[in-house]
Student: 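Would you mind keeping the following structure in view while I ask a few things?
The figures that follow rest on heavy atoms only: side chains count, while hydrogens, waters and symmetry mates do not. By convention in this document, chain letters (A, B, ...) are assigned in the order of the sequence lines, proteins followed by strands, and residues within each chain are numbered from 1.
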Amino acid sequence: MQISGRLELSRRHLLIVGAASLAASSIATPLPAAAQPARTGAPVMTRVSFDVNGETHQLELDTRTTLLDALREHLHLTGTKKGCDHGQCGACTVIVDGRRINSCLTLAVMHQGDEITTIEGLGTPDGLHPLQAAFVEHDGYQCGYCTPGQICSAVAVLAEVKAGIPSHVTADLNAPVRLTNAELRERMSGNICRCGAYSNIAEAISEVAGRSA
Amino acid sequence: MRFEHPATFNPIDQLKVIGHPTSRIEGPLKTTGTAPYAYERHDVVANQAYGCVVGSAIGKGRIAAIDLEAAKAAPGVLAIVTAENAGKLGKGERNAAPLLGGPEIAHYHQAVAIAVASTFEQARAAVQLIRIDYAKGDSKFDLAAVLDTAGTPNPSFGGPADTDIGDFATAFAVAPVQLDATYTTPDQGHAMMEPHASIAAWDGDKLTVWTSNQMIAWGVEDLAKTLGIPKENVRLISPYIGGGFGGKLFLRADVLLAALGARAAGRPVKVALQRPLMFNNTTHRPATIQRIRIGAERDGKITAIGHESWSGNVIGGEPEMAVSQTRLLYAGANRMTATRLAALDLPEGNAMRAPGEASGMMALEIAVDELADKLGIDPVALRITNDTQVDPEHPERHFSQRQLVQCLNEGAARFGWNKRNPKPGQVRDGRWLIGMGVAAAFRNNLVTKSAARVRLDQQGRVTVETDMTDIGTGSYTIIAQTAAEMMGVPLEKVVVRLGDSDFPVSCGSGGQWGGNNSTAGVYAACVKLREAIAQKLGINSEEAVFADGVVRTGNRNVPLAQAAGGGDLVAEDAIEYGDLAKTYQQSTFGAHFVEVGVDADTAEIRVRRMLAVCAAGRILNPKAARSQVIGAMTMGVGAALMEDLVVDKRHGLFITHDLAAYEVPVHADIPHQDMVFLDETDPMSSPMKAKGVAELGICGVAAAVANAVYNATGVRVREYPITLDKLLAQMPEPV
Amino acid sequence: MRSFSYERAASPGAAAAAAASTANAKFIAGGTNLLDLMKLEIETPAHLIDVNDLALDRIEETADGGLRIGALVRNTELAADARVRRDYGVLSRALLAGASGQLRNKATTAGNLLQRTRCPYFYDTNLPCNKRKPGSGCAAIGGFGRQHAVVGASEACIATHPSDMAVAMRVLDAVVETVRPDGTTRSIPIAELHRLPGDSPEIETVLQPGELITAVVLPRPVGGTQAYRKVRDRASYAFALVSVAAIVQPDGTGRVALGGVAHKPWRVEAADAELPRGAKAVTARLLGDAKPTKDNAYKLPLAERTLAAVLRDPRA
């Protein structure tokens, strides 16, 4: 499997099972308790800084701002998509400290000091990540709106399998995890593609994972 | 260009670029998140404010009182628009229910207000402060309960309300084998991944909207009409569309409310419909109740076929034309169809992927399977027995191409149909009961005018501009392929610009008409450009060969770019159709084969294998076309097994109105899908000799799943979706 | 979503104290359920106490050979833990059957237990719901009830508890450890954590205001074959219609709990005793008091058939 430097970083995070992310956030400068909201419902503004695709950003945000809206509306990183805003579609998937999450269901202010990878951090039109190239080659997308989430998820899925994290369809919980077709489809099920490119997406990921679909 | 005679050899037939499985040219943008969708256009206009939409809390009635004070006073709020202060609004030609309700409410979650604020968070909070008192009106929400009131709709897009050939009643009555069954399909949602979204900006009395819309010209017309402004003052821009499936064919509330909000706030405003609002606010595929009667001889020959369908809609809405395919798919001397429409106060029903046929085939192709069972004839063979090469209502009228039999035979061979046990409930694989099902696929090919503009510049680059849209279908790519083939340049030399109302009006994306018509429009424009180039170079365009970036006549080779040496050459034209679609019935055909496993204990249904064989004219790009078909097959699996906009008949809404409650297939539901195109060119359809394909794939597939479930279990379910609760009571005893 | 102030708590005690001293405060950990509900203003806290800095993210062995799972252990970590996979397979299986990979990476052990129902009438704020707005009525009764409770429901509420993990915790006899605003701690058996709806469905657990779950303790492993079978229409990323958590010993004895049938994970200890007599006997005891509707009556045979399948082949 070919992976970029950033992916390598993600994988290391995974191997130390989340401890790193907690350690990182606990040594971050604690934020002052934010002011109480006025009775009128005035926004409570808070400062937060985190790294996105290797670049540090400092933002002053309404506490209500989700990580997704911080990326899209404040940093103008619109590759991460808002499909449902309720954790029901996966279009907003990003990788935070090595783990894929739904960026719509987390507050930006909760990510002080975190390392965030979005689709823009994986590759560019002139320098595609291997998974991006495979999605193009296998036509693993149609309208393109779920695609960044699918690709971010796929990057993380390959790392999860390497890290030995089991899934719902893992036959033996106490044996090493293998990336079978059923494993791939189960693990990608948090990313809905209404256009129905699933069969092609599976082939694209399988190719990058070094298997045939 | 008028297309009035069957196509003969033309530059497209070179197939140097056309017909190749080219990766889609916008792929690098989409896979890197750099293709810009409507809500993301930070680049186009400064100072954008955020709008959030309020949906009606009742199904039908009126607003008794509305209190905006708290919302107006909320932090960051710039404007609130309701029907009271929106000014006089018209209604788009293609909208039945008004997009902004009040005081009359037509349906649940009909938009009644927009709050505009400086930030998204403020707009979302403000809408919760709008207090509305409603008075519920008399209303009807239950299709089955109002069947008696269903009337005869006016002849519509899908055909007349009633058709009657021969003597159906008598022929059915005397038929030795009869099938008479009723099927239901539920309301279904498009559930495209990108919500309806728009950014609206006024410059004086000129309005520009960056939006997500399949039919740019319709949107311009209906927005202008709704706002009461000249359509010359409206510009719509929609280069990338995050899925539509018919849900973005028409002007919707996001566009109108962004425009009204922007006018009120004096700033550009962006709006995306909240996901939980979408299912009731926008359109949906209406539920149907369908009765099918088929009479046959014992050898399987159909002598009588009748199909009746009931659906409901708001006043001004259309029926679901679920009987259309039954007029054309199978032979039989005595035939009838009937379409009835009841007034319902649910949200507006309208087109969703393959309107008419998708629902109709869900029922018809179970009925044929049931008939095969009664006859003891293989369902593939029964379909072949009843093939017709002519329009059964007008036997003098032939199909332009019809390879249904070939699709069935090819599919049966590839799928291993001969291994199917015709007796249900016999095949086991561990905990799974295994079954195979088949269904025909059928969808008409529609031809419609489509225009494009083509430009040659000094670099030898060809730029195509048309308001055609790419909703994931591959329009960018097949248009580029068409221009490259016509102008004799490599694909890299073609630039395609789509989805802008400043460009020539195309057919748009819908009804699987986009691929053939939009490329035919580009073909027409390219023919004109070739003439202009030839004239410029002083050569006879009839003898000129456009290839490898040069124009060749005899021994003379002139670089194409040279023709534009004195300035860009521009040509614009449209394809317009004569009577070939009337002289010949133009349809697309296929066969779906599905294998399911049904858990012997829980009756959970999982699809194990899928194959579609399709014949749909020339396939302009097999990679993109295959994706359209497998995507439609996926949506068909959803229709078969899970998708259900459940009506709460007391409150008058679709209660399953988010993506958790309205289940659509996920990765784990869909196996590897096989898909084969038969060789076909259709000279009657257009100079491209292509036909639609994107909707063919959903027509019939749900029935193939249903038939496979029957073959696995022996339980026949006639009410979609086929869920385990409908099987459990009749499941074979677990071993 | 209403405006709220935000703080990061430094210790469990401080978090509980802050919650008690601040009007309308809520803890936030993974946020996957709370933020969903806040966007719809079903939850409207004025103050959020972020507990993610608390050192509650470890899985430790207890003196009696069990496991203490920190409240902040993410669903993914818990499911992947080698000890859980080896000794508490039912828990690993239940976790992996829930939600999606993305959500499991965020969702915490405590948050999973405290998930609120997925009843669509709870989610639509235009419609009556006693759980969301006490006294407003229950629109689910007489409405779309295919997903709803068949047992333990009331005139006020027929919602189900959506968690898979909690069903496994119930069959494992887990114990929930908490800290209260006054700094005292207590242990609550999982059986007593969740309430039946009765006439106050808005009160879902026995936790007091400000009380913070710090850990979930699993007793020492009980062995046996452990299974979690989740039945749903969609193959993944869907809530259970019915689920069965079971631990079966070689002699045929064991334990069983059901998900998707009640306002809480459903276990009747007397039904466990019927296990050697098979699924029919067990479900008769488990669901003997069931009052299904036309829409959800299928859950009774489904639960029995699912249990039968689990008993026949727990590994399938």
Student: Quick one: what part of Ile192(A) sits under 4.5 Å from any heavy atom of chain B, side chain, backbone, both or neither?
Tutor: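 Both parts, backbone and side chain.
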Student: Examine the side chains of Tyr50(B) and Glu73(A) and answer whether a donor and an acceptor come within less than 3.5 Å of each other.
Tutor: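 Per modelled atom types, Tyr50(B) and Glu73(A) side chains form a pair under 3.5 Å.
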Student: Under a 4.5 Å heavy-atom cutoff, which of Arg626(B), Gln122(B), Glu121(B), Lys623(B) has the most pairs with chain A?
Tutor: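 The answer is Glu121(B).
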Student: Counting heavy-atom pairs closer than 4.5 Å to chain A, which one of His190(B), Arg353(B), Met610(B) comes out on top?
Tutor: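 Highest number of pairs under 4.5 Å: His190(B).
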Student: Rounded to the nearest 0.5 Å, what separation is found between the CG atom of Leu71(A) and the NE2 atom of His76(A)?
Tutor: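 It is 11.5 Å, given to the nearest 0.5 Å.
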Student: Going through the checks in order, is the side-chain hydrogen bond (donor to acceptor under 3.5 Å, both in side chains) test met by Gln628(B) and Thr473(B)?
Tutor: CA-CA 6 Å; Gln628(B) 288 302 297; Thr473(B) 38; 5.4 Å; no
Student: Counting heavy-atom pairs closer than 4.5 Å to chain A, which one of Arg124(B), Glu40(B), Arg275(B), Met633(B) comes out on top?
Tutor: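 The answer is Glu40(B).
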Student: Does a donor on one side chain and an acceptor on the other come within less than 3.5 Å for Thr93(A) and Arg100(A)?
Tutor: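 No.
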Student: Using the six-membered ring wherever Trp is involved, compare the ring planes of Phe279(B) and Tyr662(B) and label them parallel, tilted or perpendicular (cut-offs 30° and 60°).
Tutor: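 Rings of Phe279(B) and Tyr662(B): tilted, as their planes differ by 30° to 60°.
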Student: Just verifying a value: how many Å separate Asn102(A) CG and Thr80(A) OG1, rounded to the nearest 0.5 Å?
Tutor: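 Going from CG on Asn102(A) over to OG1 on Thr80(A), the span is 11.5 Å.
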Student: Side chain, backbone, both or neither: which part of Pro36(B) has a heavy atom under 4.5 Å from chain A?
Tutor: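 Neither part, no heavy atoms under 4.5 Å.
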Student: Sort Met193(B) into side chain, backbone, both or neither according to what part of it lies under 4.5 angstrom from a heavy atom of chain A.
Tutor: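 Both parts, backbone and side chain.
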Student: Quick one about Thr32(B) and Glu120(A) (side-chain donor to acceptor, distance below 3.5 Å, no hydrogens or angles considered), yes or no?
Tutor: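 No - no donor-acceptor pair under 3.5 Å links their side chains.
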Student: Check whether Thr124(A) gets within reach of chain B through its side chain, its backbone, both or neither, counting any heavy atom under 4.5 Å.
Tutor: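 Backbone of Thr124(A) only, per the 4.5 Å heavy-atom cut-off to chain B.
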Student: Kindly determine whether Asp69(A) and Lys82(A) satisfy salt bridge (charged side-chain N to carboxylate O under 4.0 Å, His left out), including the steps that lead there.
Tutor: CA-CA 9 Å; Asp69(A) 287 327; Lys82(A) 184 184 282 190; 3.0 Å; yes
Student: Using every non-hydrogen atom in the two residues, find where Thr656(B) and Ala661(B) come nearest and quote the distance to one decimal.
Tutor: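 Thr656(B) and Ala661(B) have their closest heavy atoms at CA-CB, 3.6 Å.
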Student: Please classify the contact between His86(A) and chain B as side chain, backbone, both or neither, with a heavy-atom cut-off of under 4.5 Å.
Tutor: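 For His86(A), the contact with chain B is made by the side chain alone.
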Student: How many angstroms lie between atom CG of Leu67(A) and atom CD1 of Ile116(A), to the nearest 0.5 angstrom?
Tutor: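 Leu67(A) CG to Ile116(A) CD1: 4.5 Å, rounded to 0.5 Å.
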Student: What part of Ile471(B) gets within 4.5 angstrom of chain A, counting heavy atoms only: side chain, backbone, both, or neither?
Tutor: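 The backbone, not the side chain.
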Student: Just by distance, with hydrogens left out, do Thr477(B) and Asn621(B) show a side-chain donor and acceptor under 3.5 Å apart?
Tutor: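 No.
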Student: When rounded to the nearest 0.5 angstrom, what distance separates NZ in Lys81(A) from SG in Cys104(A)?
Tutor: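 Between Lys81(A) NZ and Cys104(A) SG, I get 15.0 Å after rounding to 0.5 Å.
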Student: Taking Gln150(A), Glu186(A), Met188(A) one by one, which has the highest count of heavy-atom pairs under 4.5 Å against chain B?
Tutor: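 Result: the option with the highest number of such pairs is Met188(A).
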Student: Sort out for me which of Leu77(A), Thr78(A), Thr66(A) touches chain B most, counting heavy-atom pairs under 4.5 Å.
Tutor: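 Top option by heavy-atom pairs under 4.5 Å: Thr78(A).
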Student: Between the side chains of Thr469(B) and Ser509(B), does any donor sit under 3.5 Å from an acceptor?
Tutor: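 Looking only at side-chain atoms, Ser509(B) and Thr469(B) do form a donor-acceptor pair, the distance falling under 3.5 Å.
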Student: Enter the distance from Ser198(B):OG to Asn213(B):CG here, rounded to the nearest 0.5 Å.
Tutor: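 One finds 8.0 Å between OG of Ser198(B) and CG of Asn213(B).
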Student: Taking heavy atoms only and a threshold strictly under 4.5 Å, list by residue number the residues of residues 138-147 of chain A that touch chain B; give 'none' if the list is empty.
Tutor: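 Expected list: Asp139(A), Tyr141(A), Gln142(A), Cys143(A), Gly144(A), Tyr145(A), Cys146(A), Thr147(A).
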Student: Given the options Gly244(B), Gly638(B), Gly631(B), Ala632(B), which has more heavy-atom pairs under 4.5 Å with chain A than any of the others?
Tutor: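 Ranked by heavy-atom pairs under 4.5 Å with chain A, first place is Gly631(B).
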Student: Non-hydrogen atoms of chain A under 4.5 Å away: do they reach the side chain of Thr634(B), the backbone, both or neither?
Tutor: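 For Thr634(B), the contact with chain A is made by the side chain alone.
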Student: Give, as side chain, backbone, both or neither, the part of Tyr240(B) having an atom under 4.5 angstrom from any heavy atom of chain A.
Tutor: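 No part of it gets close to chain A.
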Student: So which of Asp85(A), Leu128(A), Thr65(A) has the largest heavy-atom pair count under 4.5 angstrom toward chain B?
Tutor: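 Among the listed options, the one with the most contacts to chain B is Thr65(A).
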Student: Going through the distances and angles, do Ser627(B) and Asn200(A) end up as a side-chain hydrogen bond (donor to acceptor under 3.5 Å, both in side chains)?
Tutor: CA-CA 8 Å; Ser627(B) 289; Asn200(A) 290 350; 3.0 Å; yes
Student: Relative to chain A, which segment of Glu663(B) carries a heavy atom at a distance below 4.5 Å: side chain, backbone, both, or neither?
Tutor: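 Neither part.
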Student: Side chain, backbone, both or neither: which part of Ile241(B) has a heavy atom under 4.5 Å from chain A?
Tutor: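 Ile241(B) touches chain A through backbone heavy atoms alone.
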Student: Can you tell me which portion of Ala35(B) sits under 4.5 Å from chain A's heavy atoms? Options are side chain, backbone, both or neither.
Tutor: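 Interface part for Ala35(B): backbone (N, CA, C, O).
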Student: Name the region of Asp658(B), side chain, backbone, both or neither, that has any atom closer than 4.5 Å to a heavy atom of chain A.
Tutor: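 Contact with chain A involves both backbone and side-chain atoms of Asp658(B).
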Student: At a heavy-atom separation under 4.5 Å, does Gln274(B) approach chain A through its side chain, its backbone, both, or neither?
Tutor: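 No part of Gln274(B) comes within 4.5 Å of chain A.
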Student: Measure the spacing between CE of Met635(B) and CZ of Phe245(B) and express it to the nearest 0.5 Å.
Tutor: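 CZ of Phe245(B) is found 4.0 Å from CE of Met635(B).
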